[in-house]
Amino acid sequence: MTVLVTGGAGYIGSVVTDALAQRGEQVLVVDNLTRSVLPEFSSGVSFETADICDTERIGQLIDAHGVDACIHLAGLISVAESVHDPGAYVENNIVGSARLFGALTDHNVRHVVFSSSAAVYGNASPMPISEDAPLQPTSPYGWTKMVVEQMLAAYDSANRLRSASLRYFNAVGATSRRMERHEPETHLVPLAIRAATNPGAPLQLFGTDYPTPDGTAVRDYIHVSDLARAHLLALGYLRDGGDTTALNLGAGRGYSVLEVIAAVEHGLGRTVPYEAGPRRAGDPAELVASPQRARRVLNWEPSQSALEEIVASVAAHAC
Ligand code: UFG
């Protein structure tokens, strides 16, 4: 039995792949490498440069490797980019997923762990957000994730696929092997570290007029290792016959942008120069998870997601 990991060369995908390999799973990573650089993988991990839209190739790979389950992380991930180029998000996230699910069902793969996002909620209230909150995405990115979740529900109704859609809140942190990195980099923690280490290029702070205690946006930061562990638990849940579900993956605690900047300054022992500017299009004011359902269904508990611990894991690479 082999687990197909789409987008496994990316930041979260490579940590998920490491966790699978460490557990002794056979893993096939496919990635088109348009937004990532091929990382080193441990033994037991096969890699193929392939696009999830190429159903014929994906089908051949599924058969050749004896794939029984898929962890689907491939896709574009920037809220801001999606506002400016929604077509790319439709093509990569929706059309790509549709093609992939076609290949999976044609080749008898029945289990999918899907990399969804808290962006499906938009400006939700009350906080913390439970999975039953209405889905009202404020960006094309969030909308594509919502549509793919709905596609998976339809596949479930037709008895073709069972799935766990994992609604990530803000994935951050580093492991001993992997740093947070995206191409292009748009995320707060790596950019704050970049600003601290390149004083000539201050961090742009997107919005100081949000209806939050300090006026900056609040997010729920979850360590990538906690996130990866949830994927393994979700895979076990589906293999054991679990029903299609959607689960929040967050720590259940929110931090403002200014609080994150202060934590990075404390962790690095350096100032993070920043310039306050306008809000970034598509950004909700506050996203904090209620992780109760993931606790109950997967017996998942974040254990490395205290903000100081997250920053320390990143600082270990930065210094
Ligand atoms: N921010 C800045 N300056 C920057 C970068 C970010 O002020 O240079 C702010 C953003 O406006 C936001 C916060 O820092 O308020 C976090 O921004 P990130 O770009 O790090 O992350 P996002 O919240 O935009 O998005 C991330 C994931 C999405 C996911 C979302 C869910 O990338 O996939 O978390 O919470 F949907």
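Read the numbers this way: they start at 1 and go in the same order the structure lists the ligands and their atoms. These figures come from a predicted structure and were not determined experimentally. Along the sequence shown, residues carry numbers from 1.
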Exercise. Show your reasoning for whether side chain to side chain contact (heavy atoms under 4.5 Å, CB included) applies to Arg162 and Arg110.
Key: CA-CA 6 Å; Arg162 273 183 301 113; Arg110 296 281 176 255; 5.8 Å; no

Quiz item: Looking at atom 24 (O) of ligand 1, what's its closest protein heavy atom, distance included?
Solution: Arg280 NH2, 2.7 Å

Quiz item: Salt bridge or not for Asp51 and Arg99, using N-O below 4.0 Å?
Solution: no

Practice problem: Tell me which part of Ser117 gets within contact of ligand 1: side chain, backbone, both or neither, using heavy atoms under 4.0 Å. | Solution: side chain

Quiz item: Counting each atom of ligand 1 from 1 as listed, which ones have a heavy atom of Gln204 under 4.0 Å away?
Solution: 2 (C), 3 (N), 4 (C), 7 (O), 8 (O)

Quiz item: In terms of atom number and element, which parts of ligand 1 are under 4.0 angstrom from non-hydrogen atoms of Leu287?
Solution: 31 (C), 35 (O)

Self-check item: Within-shell test, Tyr141 vs ligand 1, heavy atom, strictly < 4.0 Å
Solution: yes

Quiz item: Near Leu191, which atoms of ligand 1 are under 4.0 Å from a heavy atom of that residue?
Solution: 8 (O)

Practice problem: Step by step, work out the ring-ring contact (aromatic ring centres under 6.0 Å, His included) result for Tyr221 and His187. | Solution: CA-CA 12 Å; Tyr221 294 88; His187 289 76; 9.9 Å; no

Quiz prompt | Distance filter under 4.0 Å to Ala118 heavy atoms, resulting ligand 1 atoms | solution = 31 (C), 35 (O)

Quiz item: Got a salt bridge between Glu131 and Arg296, using NZ or NE/NH1/NH2 to carboxylate O under 4.0 Å?
Solution: no

Quiz item: Can you tell me the protein heavy atom closest to atom 11 (O) of ligand 1 and the distance?
Solution: Asp283 OD2, 2.7 Å

Quiz item: Ala119 heavy atoms, cut-off 4.0 Å: which ligand 1 atoms fall inside?
Solution: 36 (F)

Self-check item: Rounded distance [0.5 Å steps], CD1 in Ile52 versus CZ in Arg57
Solution: 13.5 Å

Quiz item: Is there a donor-acceptor pair closer than 3.5 Å between any side-chain N or O of Asn93 and the backbone N or O of Leu76?
Solution: yes

Quiz prompt | Single hit among Asp156, Leu238, Val112 for side chain to side chain contact (heavy atoms under 4.5 Å, CB included) with Thr244 | solution = Asp156

Practice problem: Could you see which bit of Thr186 sits under 4.0 Å from ligand 1, with heavy atoms only: side chain, backbone, both or neither? | Solution: backbone

Quiz item: Any cation-pi pair here, Arg160 with Phe101, using under 6.0 Å and within 45°?
Solution: no

Quiz item: Is ligand 1 under 4.0 Å from a heavy atom in the side chain of Tyr221, in the backbone, in both, or in neither?
Solution: side chain

Practice problem: Kindly confirm or rule out an N or O of Leu205 lying under 3.5 angstrom from an N or O of ligand 1. | Solution: no

Exercise. Quick one: look at Leu188 and ligand 1, take heavy-atom pairs under 4.0 Å, and tell me if it's side chain, backbone, both or neither.
Key: both

Quiz item: If you count the atoms of ligand 1 from 1 in the order shown, which ones are under 4.0 Å from a heavy atom of Leu203?
Solution: 8 (O)

Practice problem: Starting at CD of Glu91, measure out to SG of Cys53 and round the result to the nearest 0.5 Å. | Solution: 5.5 Å

Quiz item: Between Tyr255 and Arg253, is any side-chain donor less than 3.5 angstrom from a side-chain acceptor?
Solution: yes

Self-check item: Closest protein heavy atom (residue, atom, distance) for atom 7 (O) of ligand 1
Solution: Phe206 N, 2.9 Å

Practice problem: May I ask you to list the atoms of ligand 1 that are less than 4.0 angstrom from any heavy atom of Ala217? | Solution: 15 (O)

Practice problem: May I ask you to identify the nearest protein heavy atom to atom 22 (P) of ligand 1, giving residue, atom name and distance to one decimal place in Å? | Solution: Asn170 ND2, 3.6 Å

Self-check item: Atom CG of Asn198 with >12 non-hydrogen neighbours under 6.0 angstrom
Solution: yes

Exercise. Consider only side-chain N and O atoms of Glu81 and Tyr89, and report whether a donor and an acceptor are under 3.5 Å apart.
Key: yes

Quiz item: Relative to the heavy atoms of Val257, which atoms of ligand 1 are at a distance of less than 4.0 Å?
Solution: 7 (O), 9 (C), 13 (C), 14 (O), 15 (O)

Practice problem: Among all protein heavy atoms, pick the one closest to atom 23 (O) of ligand 1 and tell me residue, atom and distance. | Solution: Arg219 NE, 2.8 Å

Quiz item: Which is it for His187 and ligand 1 at heavy atoms under 4.0 Å: side chain, backbone, both or neither?
Solution: both

